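One structure is given here, and the rest of the page talks about it.
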Amino acid sequence: MLEEIDKRPPWDSYFMDIAALVSRRSTCIRRAVGAIIVKDKRILSTGYNGAPSGIAHCIEVGCLREKLKVPSGEKHELCRGIHAEQNAIVQAAFHGVSIRGGTLYCTNLPCSICAKMIINAGIKNIFYQDGYADSMSRQMLQDADVDLIKLNGA
């Protein structure tokens, strides 16, 4: 029995594993990203990257960014998808769930657009696995006193 208890993952690994599972719903051709927002060890909202509800997904119609060879982290407006972090924030708002003071677990470091939303939503901590090619994001989050914690191999 004690051995089973020892196999339980730490909370941060547990939540990151769930964010990775959420990423499997992604419809983005270039990168599958998952995000969850947690408060008091309870999941408040989840999100993955893909087109808005009712809009054809990139896996169905192709990727304009891929076609134009737009580098990662640039020209976000040329993407028909919404980022996982944005979806998690929007889903919380849609269902009337306050995420102020929450923690975001995301498979990737948020971009600068997501960082602005995260800051204004009152999220205080971000755990992430992989980086993202957007240098402004990290600086903005630091300036807003949002803690960034990189988890390895969650």
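Since we're looking at a predicted model, the values are computed, not measured. Position 1 is the first residue of the sequence; numbering continues from there.
- The aromatic rings of F15 and W11 lie parallel to each other, their planes meeting at an angle below 30°, with 60° marking the opposite boundary.
- Here the CD-CD1 distance, from E85 to I126, works out to 8.0 Å after rounding to the nearest 0.5 Å.
- Expressed to the nearest 0.5 Å, how far CD1 of I123 lies from CD1 of I99 amounts to 4.0 Å.
- Applying the salt bridge (charged side-chain N to carboxylate O under 4.0 Å, His left out) test to pairs two or more places apart or on separate chains, those with a residue in residues 58-67 are R30-E66.
- At a threshold of 4.5 Å between non-hydrogen side-chain atoms, the residues S45 and V97 do not count as touching.
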Check step by step if side chain to side chain contact (heavy atoms under 4.5 Å, CB included) holds for L148 and K150.
CA-CA 7 Å; L148 279 175; K150 184 171 181 5; over 6 Å; no

Under the side chain to side chain contact (heavy atoms under 4.5 Å, CB included) criterion, do H83 and I113 qualify, and how do the steps go?
CA-CA 9 Å; H83 288 185; I113 295 169; 6.0 Å; no

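- Within the hydrophobic cluster formed by Ile, Leu, Val, Met, Phe, Trp and Tyr side chains joined at under 4.5 Å, directly or through other members, V61 stands alone, with no partner residue.
- Contacts of S26 classified as side-chain hydrogen bond (donor to acceptor under 3.5 Å, both in side chains), with partners at least two apart in sequence or in another chain: N49.
- Of the residues V33, I36, V22, the one that meets the side-chain contact (heavy atoms from CB on, under 4.5 Å) test with C106 is V33.
- You'll find the side chain of I119 reaches within 4.5 Å of the side chain of L141, heavy atoms only.
- The side-chain hydrogen bond (donor to acceptor under 3.5 Å, both in side chains) check on R138 picks up Y128, with sequence neighbours excluded.
- Within 6.0 Å of CG in D143 there are more than 12 heavy atoms belonging to other residues, nucleotides or ligands.
- Hydrophobic cluster of L64: the remaining members, joined at side-chain heavy-atom separations below 4.5 Å, are L68, V70, L78, listed by chain and number.
- Side-chain atoms of Q91 and N87 include no donor-acceptor pair closer than 3.5 Å.
- I29 forms part of a hydrophobic cluster together with I59, judged by ILVMFWY side-chain heavy-atom separations under 4.5 Å.
- Here the side chains of I55 and R80 are in contact, with some heavy-atom distance below 4.5 Å.
- Put simply, CG on L151 and CG on D12 are 5.5 Å apart, with the number rounded to the nearest 0.5 Å.
- In this structure, Q86 and M117 have side chains that are in contact, with non-hydrogen atoms separated by less than 4.5 Å.
- F127 has its side chain within reach of T103: a pair of non-hydrogen atoms, C-beta onward, lies under 4.5 Å apart.
- Counting heavy atoms from C-beta on, the side chains of Q139 and M136 never come closer than 4.5 Å.
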